[in-house]
2 protein chains.
Amino acid sequence: MVDGATQGGAPADRPRTMYQKVAADLRQAITEGGYGSGGRLPAEGDLAQRYGVSRGTIRQALSVLRTDGLVTSRRGTRRVVLGTERVQSFGELLSFTRWARSIGEKPGGRVVGLTRRPADETERDQLRLVAGAFVYRVLRIRTLSGRPAMVERTVYPEHIGALIARLKPDAVSHTVRLEEQGVMIADAQHTVDLVRADADDARLLGCRPGDALLRERRRSTDPAGAPIEWSDDRYLPGTVAFTVHNSAASGSLARRRGTPPPPNN
Amino acid sequence: MVDGATQGGAPADRPRTMYQKVAADLRQAITEGGYGSGGRLPAEGDLAQRYGVSRGTIRQALSVLRTDGLVTSRRGTRRVVLGTERVQSFGELLSFTRWARSIGEKPGGRVVGLTRRPADETERDQLRLVAGAFVYRVLRIRTLSGRPAMVERTVYPEHIGALIARLKPDAVSHTVRLEEQGVMIADAQHTVDLVRADADDARLLGCRPGDALLRERRRSTDPAGAPIEWSDDRYLPGTVAFTVHNSAASGSLARRRGTPPPPNN
DNA sequence: AAGTGGTCTAGACCACGAT
DNA sequence: TCGTGGTCTAGACCACTTG
């Protein structure tokens with residue numbers, strides 16, 4: 001049977017299925033340079049024999065690596081190693097806290113404003129709410145090793161916001177707290193552009209109004225497709241860069257340290 | 001048998017295989033609102049029967065839609081429509097010209113500088129060249145309906161650059177010209193961040209040195225994994241935004257009109 | 001308990017690249 | 001021509017969600 005982009009559990013989890021085990025194994029071999037950059041992988045049939053699974057399972061594993069941009073694939077020739085870079089997990093992308101830790105910085109956060117009120121039309125549209133529904137709006141300053149890095153404005157539907165409202169103002173990771181209460185994020189849509197700091201941004205980030213900021217707007221949904229949050233995050237210049245790999249039918253986004261050396265693979 | 005992220009020909013092409021036909025069919029039904037936003041798709045088995053194919057082929061088709069962020073998928077329940085937005089093609093992302101046309105603007109371009117010289121270390125690293133190899137560097141201003149929008153600095157390995165060097169300075173699309181000569185781009189790695197305009201940027205874009213620009217750096221490779229170009233594109237504020245959908249194991253990047261209304265799905 | 005999608009098998013044939 | 005990955009089939013069993 002066929003499969004597709006294989007949702008598979010978060011790559012952060014321990015591999016549970018055969019194709020995840022194979023993928024993890026091959027990923028390690030690749031990132032450790034076992035095949036070299038530009039090197040060729042064994043044929044699918046060989047891998048199937050080596051791991052004692054069907055060719056289909058091997059293809060499922062390889063599709064994961066292809067989506068991550070680690071290998072090519074084309075008819076007629078063996079797969080080629082495209083890059084040997086570590087791939088960022090979905091969790092690191094969604095959580096400022098996890099991202100900060102993954103790059104060796106100490107994350108901080110403080111809620112500056114929290115209100116509950118009826119959703120306006122844009123919010124109803126984004127969160128798929130009916131007229132009259134309430135939302136929570138959270139304004140929050142995020143720091144890296146004590147220095148202001150980002151201003152976050154997040155809108156939650158009422159049942160999620162109620163959980164957020166109970167957290168301490170300086171709770172480090174709202175995302176992790178939500179996970180602990182069983183709120184899972186399965187999909188996210190991101191928009192990255194450049195925006196001018198308004199008065200609030202300037203005050204909280206310590207810049208001047210009108211200064212340019214890198215903005216990421218994000219809409220996240222749970223496994224059932226129900227909106228969980230709608231956020232507008234504004235980063236000081238030099239704080240982050242966003243990277244994406246894509247091919248004819250794939251791609252993924254990663255958040256990286258600001259103005260990093262040119263991507264190396 | 002299993003399959004994966006299904007490289008399938010460019011979605012721009014006419015569907016050639018069964019799963020592409022099914023995917024195109026379902027995509028149209030979804031974007032036309034046939035299932036509604038948040039609606040549920042028929043079961044895989046039902047679709048298999050309706051199209052007269054195996055369940056595996058249906059799953060392959062659905063994996064395409066899942067990668068595009070159009071539908072969810074989880075065990076136990078039918079797939080749910082996540083969004084009904086048009087998905088941008090790989091070609092529109094890679095080619096400024098095609099993108100501009102897709103949003104109804106008239107694209108323009110003019111080569112301002114073209115040099116051939118030995119690659120420096122960074123260029124050798126990016127383009128996977130050996131010491132002593134030559135590269136072409138192209139500096140180019142891009143316009144939307146006559147107004148400057150972006151400055152493009154692209155480095156090509158010698159065999160590709162030689163083709164570019166033969167084009168007229170105001171050739172509209174280098175990407176399309178390369179395609180006509182059989183140069184195909186199969187994968188690309190993007191990095192998006194914020195950068196200050198240098199003297200060249202300011203002169204060509206008509207802004208002041210030090211002004212903030214949205215930068216996209218890109219490394220593209222052919223189907224065999226060989227680097228084709230390494231580019232540094234700098235957009236005037238408000239010109240573009242980049243969007244990405246991702247989930248546990250997928251994602252894709254799209255270029256949009258600058259500071260658009262909040263993403264609608 | 002029934003319905004549904006996720007994983008896996010064991011084949012088949014085809015399209016393409018390299019030799 | 002031969003090896004390789006791409007497409008497709010027809011099953012099987014399992015994990016999960018929902019009533």
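Small disclaimer: the values here were computed from a predicted structure and weren't measured. Protein chains get the first letters and strands the later ones, always in sequence-line order, with residue 1 at the start of each.
For B/Met18, whose side chain is taken as the heavy atoms from C-beta onward, the closest listed nucleotide among C/dC8, D/dC8, C/dG5 is D/dC8. Of the candidate nucleotides D/dA12, D/dG6, D/dC8, D/dC8 has the atom lying nearest to any side-chain atom of B/Tyr19. Minimum atom distance to the side chain of B/Thr17 is reached by D/dC8, of the listed D/dC8, C/dG6, C/dG17. The side chain of B/Thr77 approaches D/dT18 more closely than any other nucleotide in the set D/dT18, C/dG5, C/dC8. Residue A/Arg74 places its side chain closer to C/dA18 than to any other of C/dA18, D/dC8, C/dC8.
Qualifying salt bridge (charged side-chain N to carboxylate O under 4.0 Å, His left out) partners for A/Asp222, counting only residues two or more places apart in sequence or in other chains: none.
Of the N and O atoms on the side chains of A/Thr154 and A/Ser231, at least one donor lies less than 3.5 Å from an acceptor on the other residue.
Nearer to the 5' terminus of DNA chain C, by closest-nucleotide assignment, is the contact made by B/Gly45 (compared with the other of A/Ile58 and B/Gly45). A residue-by-residue look at A/Ala224 and A/Leu62 shows that A/Leu62 has its nearest nucleotide of DNA chain D further toward the 5' end. Nearer the 5' end of DNA chain C, as judged by each residue's closest nucleotide, is the contact made by B/Asp46, out of A/Val53 and B/Asp46.
Atoms CZ (A/Arg75) and P (C/dA18) sit 14 Å apart, rounded to a whole Å. Taking atom CZ of residue A/Arg79 and atom C1' of nucleotide D/dG3, one finds them 14 Å apart after rounding to whole Å. Atoms CZ (A/Arg59) and P (D/dT4) sit 14 Å apart, rounded to a whole Å. Atom CZ in A/Arg66 sits roughly 15 Å away from atom C1' in D/dT4 (whole-Å rounding). Rounded to whole Å, the distance from CD on A/Glu44 to C1' on D/dC2 is 16 Å. One atom, CE of B/Met184, and another, C1' of C/dG17, lie 16 Å apart when rounded to the nearest Å. To the nearest angstrom, P of C/dG17 lies 11 Å from CG of B/Asp222. Atom CZ in B/Arg40 sits roughly 12 Å away from atom C1' in C/dG5 (whole-Å rounding).
Interface remark: the B/Arg55 side chain does form a donor-acceptor pair with the C/dG6 base, using a distance-only criterion of under 3.5 Å. Side-chain N/O atoms of A/Arg78 and base N/O atoms of C/dG17 include no donor-acceptor pair closer than 3.5 Å.
Interatomic distance, B/Asp187 CG to B/Ile228 CD1, rounded to the nearest 0.5 Å: 11.0 Å. Taking OG of B/Ser247 as the reference point, atom CD1 of A/Ile185 lies at 12.5 Å (rounded to 0.5 Å).
Note on A/Ser54: every side-chain N or O is 4.0 Å or more away from OP1 and OP2 of C/dG11.
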Distance-only donor-acceptor hits, side chain of residues 46-53 of chain A, under 3.5 Å, sequence neighbours excluded:
residue, atom, partner, partner atom, Å
A/Tyr51, OH, A/Asp25, OD2, 2.3

